[in-house]
Amino acid sequence: MLRYCFISEWLDPSSGVLWKYQLFWYPETKEVEMVDIKNRRHFLKRTKYEELRSSLLYIGSMVTIFGRQLKLTEYGDDFTRNSIESQTERTLAMIKPDAYKHMGKIIDAICQSGFLISKLRVAKLSKEEAEAFYAVHRGKPFYERLTDFMSSGRICAMELVAPGAIRKWRELLGPTDSNQARAEAPSSIRAQFGTDKSYNACHGSDAPETAAEECAFFFGRDRYPGKCDVARNTTLCLVKPHVVADGGAGLVVDMIQDVFDITAAQLFTLDRNAAAEFYEVYKGVLNAGEFNAMVDHLTSGPVLALEVADRDGASSVEPFRQLSGPMDPELARVLRPDSLRARFGLNTIKNGVHCSDLEEDGVLEVNYFFTILPQS
Ligand code: GDP
């Protein structure tokens, strides 16, 4: 019987104690088992747990087992290391400023091609940061133009995970020159969204060493190149974990970009404290069961936070609430069939997206995600 083993950690929020477990996963029967390493005893006997997404089983990932968030820190045996490492190559993908307006469509193409997006953040690079990122091209005739271009607007950096991710993403990108891409690979990203050799929509790492360096450039500990300031009059959208896990985030972003600007974005994995703090205002409105169900869902996997801005600088809170639709997706499908919740919601808890409710909450909630929460 196939069995994967990981070493995982759980920080008990009430006592501050860090627990270490062996986590076993039996993919054929969708069962989990946990052994407390220190006390050498079963913490969880082998039990069916269909909610575990095997795509999230890689080192550094957070998985939720019966409401407990575990960080996978090491492989537990060689079999697991060999099988998982061959399935989880990483690469850096970047949407360049010329294609930022097509971010939703590009994220969707990435998800439809079988990549897992393990990290994502929107940034606006300074000229110096763009020069540092493209240091290998220093001295080449196109360097000035390239670094001017790369610091001219927002970009979206993503760490993609898949078997053979580096090559797979470069294939999806197509040739460097978008005109050549249109001739040779018409369905590629550069063919669809790029203009020429300078303005070619997206970047992809070209080898394992550069992939590691480039992922560290954007996602290394305490490094936030190009961090965007929180803008005025904006509102928060959270693309909820069930939509992200089902590969629907790109479609949500695309629907939003049809009408609004997205001025910041980041993928977060929330712990229970952060989720409960964020939902604090609902505590008085919902019963304890509903409140816990909302916190459970928000911590069940990665959530995509978006800062949504009106194109003319007016407040986006109410217009974005309209695009989100009524809280209950069943109602949304009747009253506002074109809304986000009508399209992506399953029930009142897994209702596709969160949007800020009150005018004054928009910027506060944006700040919570993009300033107060740990950014990496
Ligand atoms: P990539 O790996 O396909 O992105 O290509 P390179 O690493 O060779 O170049 C990095 C980026 O520099 C490209 O994506 C283009 O945006 C730009 N670039 C590369 N070669 C040229 C060129 O000959 N002329 C111009 N204008 N830009 C170039």
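In listed order, ligands and their atoms are each counted from 1. We count residues from 1, following the sequence as given.
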Novice: Going by the atom numbers of ligand 1, which of them fall below 4.0 Å from some non-hydrogen atom of R190?
Specialist: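 The list of qualifying atoms is 1 (P), 3 (O), 4 (O), 14 (O).
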Novice: Taking the side chain as C-beta and beyond, is there a heavy-atom pair between F43 and I37 under 4.5 Å?
Specialist: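 Not in contact.
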Novice: Heavy atoms only: which of F149, Y199, F142, Y143 is nearest to atom 18 (N) of ligand 1?
Specialist: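 Comparing heavy atoms across F149, Y199, F142, Y143, the nearest one to atom 18 (N) of ligand 1 lies in F142.
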Novice: Can you sort out which atoms of ligand 1 are near H137, meaning under 4.0 Å from one of its heavy atoms?
Specialist: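 By the 4.0 Å cutoff, the relevant atoms are 6 (P), 7 (O), 8 (O), 9 (O), 10 (C).
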Novice: Kindly confirm or rule out an N or O of T176 lying under 3.5 angstrom from an N or O of ligand 1.
Specialist: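 For ligand 1, there is an N or O atom that lies under 3.5 Å from one belonging to T176.
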Novice: Return a yes/no value for K96: is any of its N or O atoms, backbone included, closer than 3.5 angstrom to an N or O of ligand 1?
Specialist: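 So ligand 1 has an N or O lying under 3.5 Å from an N or O of K96.
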Novice: Under 4.0 Å between a Lys/Arg side-chain N and an Asp/Glu carboxylate O for E159 and R90?
Specialist: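 Salt bridge flag = yes for R90 with E159.
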Novice: Show which atoms of ligand 1 fall inside a sub-4.0 Å distance from at least one heavy-atom site of N200.
Specialist: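 Those qualifying, in numeric order: 13 (C), 14 (O), 15 (C), 16 (O).
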Novice: Is any side-chain N of the basic residue among R321 and D357 closer than 4.0 Å to the acidic one's carboxylate O?
Specialist: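 Here R321 pairs with D357 in a salt bridge, since their nearest N and O are under 4.0 Å apart.
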Novice: Does M94 reach the side chain of C202, with side-chain heavy atoms less than 4.5 Å apart?
Specialist: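 Answer no - side chains too far apart.
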Novice: Within 45 degrees of the axis of the six-membered ring of F142 and under 6.0 Å from its centre: does K197 put its NZ or CZ there?
Specialist: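 No.
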Novice: For atom 15 (C) of ligand 1, grab the closest protein heavy atom and report residue, atom and distance to one decimal in Å.
Specialist: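 Heavy-atom neighbour on the protein nearest atom 15 (C) of ligand 1: K197 O, 3.2 Å.
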Novice: Any heavy atom of L146 closer to ligand 1 than 4.0 angstrom?
Specialist: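 Flag set, L146 near ligand 1.
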Novice: Validate the cation-pi geometry between R311 and F260: distance from NZ or CZ to the six-membered ring centre under 6.0 Å, angle to the ring axis within 45°.
Specialist: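 Not flagged: R311 not positioned over aromatic ring of F260.
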Novice: Any atoms of ligand 1 less than 4.0 Å from a non-hydrogen atom of R170? List them with their elements.
Specialist: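 Listed by number with element, the hits are 1 (P), 2 (O), 3 (O).
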Novice: Starting from atom 26 (N) of ligand 1, find the nearest protein heavy-atom neighbour and note its residue, name and distance.
Specialist: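 Nearest protein contact, heavy atoms only, for atom 26 (N) of ligand 1 is S198 OG, 2.7 Å.
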Novice: Salt bridge check, K350 against D246: does any charged N sit closer than 4.0 Å to a carboxylate O?
Specialist: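 No.
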